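One structure below.
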Amino acid sequence: MKKRVIETISKEIDRDFVLEKPKDPTLGHYATPLAFSLAKELKKSPMIIAQELCEKFNDCEIFDSVEAVKGFINFKLSDTFLDEIVTEALKNESEFAKGNYEGSILLEYVSANPTGPLHIGHARGAVFGDALYRFAKHLGYDIESEYYINDAGNQIYLLGLSIYLAGREHILGYAVDMPEEYYRGEYIVELARDAAKVFGSEVFEDEKHIEKLSNWGKDEMMKLIQQNLKDANIEFDHFVSEKSLYERWDEVLEKLKAGNAIYEKDGKLWLKSSEYGDEKDRVVVREDGRATYLAGDIIYHDDKFSRAFDYYINIWGADHHGYIARVKAAIHYLGYYESKLEVILSQMVSLLKGGEPYKMSKRAGNFILMSEVVDEIGSDALRFVFLSKKSDTHLEFDVDIFKEQDSSNPIFYIQYAHARVNQLFQKAQKEPKDVIDTPLGELNEDSKNLLFSALLLPEVLDDAFHSRGLQKMPEYLKSLASLYHQFYNKYKIVGSENEDKLLKISAMVAMSIRVGLGLMGIEAKERM
RNA sequence: GUCCUCGUAGCUCAGCUGGAUAGAGCACUGGAUUCCUAAUCCAGAGGUCACAGGUUCGAAUCCUGUCGGGGACACCA
């Protein structure tokens, strides 16, 4: 719809202009402040310029009126134009709001260490990433999602050790001193019990079994994490193991050396990251020859860029903030364009419980599990809450409120609007296809506003994705649902003389809600 | 200490690539049901957009500074 409007205006006005929506909808559907920016150049008042420009649109079919108000040029769409757009949209639901953007994107998100189940903080990045993926797909991008498994390094050994110690304590009954930095929590004890079934309890008798427990535990955790994700309606195209990438370390290190990125000091190898935006240089190989964590990420990004996507997006936890510069520097040294990598930070989720701060710790074991929340309120509500806020600001919510399922949860409000339309069709014993070709004729102000709003989904989607402000989608759906509830209360639909027309408008509203929710990974309900 | 980020209604937050009278939900007050589901709707009240300067036709939005909250500053991952 917006595209058609822009095309039409461009035919008459040969310069760039901003097309926005007036704050007061009675002024028009679209507006441009173009006259203000022309005022200086033409040495005329914005009022007069706007007037003159308006006259160019006298014979335009898609506009009812084009008026100059206080220097703004306001466009009102015509009924026939809206009808045309609606009819076309209703005939092709699967194509509605689809974009024709081109380009390939590799999206990496979650990538939580396989040392425990996902917690509520991970859930935010997971939900955001999945929705971003769905948005991009719908807009036409060739996007693939990937999970980077940190299965090399000390934390995996620590996982095995933690299981081992938990087994000694809970199964063999020894007194065990569990150091602070070890993993703890119920799931470790459960893992120990499962391990006893798989390997026999003698596995906890000798430290030589720790490595076995590490590998087994890591695999169990990945299974659990994938289940956690699936329960929230999230799936990945690829999983990449850090460990498997290390085979290429020598090769990548040579590449860095060839790019003059590495020097030796104090017996260690350093990356000259400070030359490209980082605060200081970083160690990549320690004195004892072991590579650092950064090395893994360098190999991984070399691997990613060798796959030649047009663009890369990583969603990281906010605690990785300082990490961006060094990875980008490495990418630069590897001979790729680091500007192709965009890092989106997913900020902390602060939990309250009964008004009291709830301090989260990944390792202490007193964190709130993602699965716990999904079980209690369902993945739809979880997804909705996380997508309703910008990803880069702190989000705070009270677990107790979150558990409630009443009208304070906006998803019910939106679902209800969708279900209402379905009920109307049932009452009328009709289906959307029966009313698609009904001409809408002349629309009253309320119908027109509602219809216009329902047709905004494509531009909301486009804006939400490209601005990375996914909260615009739930925001939009809330306002559309609100308009529909108002409409429903004001007009009798089934049995009225305009039944088919009103049903057609309703069908359009329902379709936008359904497609919009679908993009958020939420299924629209037929009944409440 | 350095860097990042945030500060908008009682609460949780939108709005920020400068545009018309600063919004929503919750909570609060009052009202609507012989009629398609009242899980809804209508009305009301609620604001120094942290503060001070600057940029210009125009600033919640951009710039500078101050204050306040949070975060990051590893050879852990």
Side-chain angles (χ1 to χ4, degrees), chain A residues 18 20 22-24 27 31-37 39-40 45-46 69-72 74 112-113 115 150-156 158 181 242 266-270 278-280 282-288 290-297 317-325 345 347-348 350 352 355 362-363 385 388-390 392-398 401 404-410 412-413 415-417 419-428 466-467 469 471-472 474-476 478-479 481-482 484-496 499 502-503 506 527-528:
Chain A
V18 177
E20 54 196 23
K23 285 198 175 163
D24 181 354
L27 290 170
T32 179
L34 177 67
F36 291 98
S37 46
K40 210 170 200 176
S45 88
V69 181
K70 291 191 203 164
F72 288 87
N74 297 330
N113 288 348
T115 53
N150 291 120
D151 56 359
N154 194 42
Q155 83 281 9
I156 299 296
L158 217 51
E181 69 270 21
E242 178 185 9
D266 305 334
K268 304 154 205 166
L269 295 184
W270 299 71
D278 202 2
E279 289 169 11
K280 53 184 175 182
R282 307 288 171 177
V283 173
V284 286
V285 179
R286 303 175 179 95
E287 274 176 290
D288 60 9
R290 280 156 54 235
T292 62
Y293 175 74
L294 178 59
D297 249 322
D319 54 341
H320 282 64
H321 173 262
Y323 207 73
I324 299 172
L345 295 179
Q347 275 289 356
M348 297 263 300
S350 314
L352 300 174
K362 216 176 188 176
R363 304 205 164 166
V385 169
S388 297
K389 316 291 177 200
K390 282 188 298 193
D392 61 353
T393 54
H394 299 205
L395 169 61
E396 184 178 270
F397 65 84
D398 196 308
I401 292 169
E404 285 171 23
Q405 286 197 50
D406 60 19
S407 61
S408 65
N409 189 342
F412 289 97
Y413 186 79
Q415 291 280 23
Y416 187 37
R420 270 190 156 162
V421 173
N422 194 56
Q423 287 296 307
L424 291 179
F425 273 99
Q426 282 199 6
K427 224 31 173 207
H466 290 111
S467 68
Q471 79 284 353
K472 287 173 185 178
E475 201 71 30
Y476 162 72
K478 258 190 278 180
S479 71
S482 171
Y484 191 72
H485 286 308
Q486 287 170 40
F487 192 77
Y488 176 93
N489 274 275
K490 192 165 173 182
Y491 297 97
K492 167 99 175 145
I493 295 171
V494 175
S496 79
E499 182 178 295
L502 297 176
L503 283 175
S506 300
R527 63 178 63 223
M528 300 303 286

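The structure presented is a predicted model; accordingly, all values stated were derived computationally and were not measured. Convention: sequence-line order gives letters A, B, ...; per-chain numbering from 1.
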Starting from P on B:rA77, measure out to NE2 on A:H320 and report it in whole angstrom. 12 Å
Taking any strand in view, what nucleotide pairs with B:rA59 in a Watson-Crick or G-U wobble way, both distances under 3.5 Å? none
Checking all strands, does A:A417 fall into the base, sugar-phosphate, or nothing category for heavy-atom contacts under 4.0 angstrom? nothing
Map A:G322 and A:S482 onto RNA chain B by nearest heavy atom, then report which one ends up closer to the 5' terminus. A:S482
Residue pair A:R527 / A:A419: nearest heavy atoms and the distance that separates them: CA-CB, 3.8 Å
Specify whether A:F487 and A:Y491 have parallel, tilted or perpendicular ring planes, treating 30° as the upper limit for parallel and 60° as the lower limit for perpendicular. tilted
Just call it for A:E287: base, sugar-phosphate, or nothing, with non-hydrogen atoms closer than 4.0 Å on any strand. nothing
Shortest non-hydrogen contact from A:L424 to A:S506? CD1-OG, 4.3 Å
Could you pick out which residue, A:Y293 or A:R282, lies toward the 5' side of RNA chain B when each is mapped onto its nearest nucleotide? A:R282
With a 3.5 angstrom cut-off on both distances, give the Watson-Crick or G-U wobble partner of B:rU34, or none if there isn't one. none
Would you name the heavy atoms of A:E499 and A:G495 that are closest together and state the gap between them? OE1-N, 2.5 Å
Across the strands shown, which category fits A:R290 at heavy-atom distances under 4.0 angstrom: base, sugar-phosphate, nothing? nothing
Could you state the NE2-P distance from A:H321 to B:rA74, rounded to the nearest angstrom? 14 Å
Whole-Å distance, A:Y413 OH to B:rU40 P, equals 7 Å
Span that lies between the P atom of B:rC41 and that of B:rG46, in whole angstrom: 23 Å
Over all atoms of both residues, closest heavy-atom pair of A:Y323 and A:L294: OH-CA, 3.1 Å
Under a 3.5 Å cut-off for both contacts, is B:rG44 paired Watson-Crick or G-U wobble with anything, and if yes, with which nucleotide? B:rC28
Heavy atoms only, 4.0 Å cut-off, all strands: where does A:N74 land among base, sugar-phosphate and nothing? base
Quote, to the nearest angstrom, the P distance that separates B:rG68 from B:rG47. 26 Å
A:K280 NZ to B:rG1 P, straight-line distance once rounded to whole Å: 18 Å
For each nucleotide in nucleotides 30-36 of chain B, reading 5' to 3', give B when a protein heavy atom comes within less than 4.0 Å of its base, S when such contact involves only the sugar-phosphate, and - otherwise. -----SB
Which residues share a ring-ring contact (aromatic ring centres under 6.0 Å, His included) with A:F72, sequence neighbours left out: A:F36
Tell me whether A:F72 and B:rA20 count as stacked here, given that the ring centres must be under 5.5 Å apart and the planes must differ by less than 30 degrees. yes
Considering just the side-chain nitrogens and oxygens of A:Q347, establish if one lies under 4.0 Å of OP1 or OP2 belonging to B:rG70. no
Can you tell me the base-pairing partner of B:rC73? Count Watson-Crick or G-U wobble geometry only, both distances below 3.5 Å, and say none if there is no partner. B:rG1
Both distances below 3.5 Å, Watson-Crick or wobble geometry, any strand: find the nucleotide opposite B:rU17. none
Write down the partner of B:rC49 under the Watson-Crick or G-U wobble criteria, each distance required to be under 3.5 Å. none
Looking only at atom C1', what distance separates B:rA9 and B:rG31, rounded to whole Å? 23 Å
Has the side chain of A:D319 got a donor or acceptor that lies under 3.5 Å from a partner of the other kind on the base of B:rA77? no
Counting Watson-Crick and G-U wobble pairs only, both distances under 3.5 Å, name the nucleotide matched with B:rG68, or none. B:rC6
Shortest non-hydrogen separation from A:Y413 to A:S482 and the atoms involved: OH-CA, 3.0 Å
What one should report as the nearest heavy-atom pair of A:H485 and A:N489 is O-ND2, 2.9 Å
Kindly give the atom pairs (protein nitrogen or oxygen, nucleotide nitrogen or oxygen) under 3.5 Å for nucleotides 14-16 of chain B.
unit_1 : atom_1 : unit_2 : atom_2 : d
B:rA14 : OP1    : A:K390 : N      : 3.4
B:rA14 : OP1    : A:T393 : OG1    : 3.3
B:rG15 : OP1    : A:Q471 : NE2    : 2.6
B:rC16 : N4     : A:K390 : NZ     : 3.4

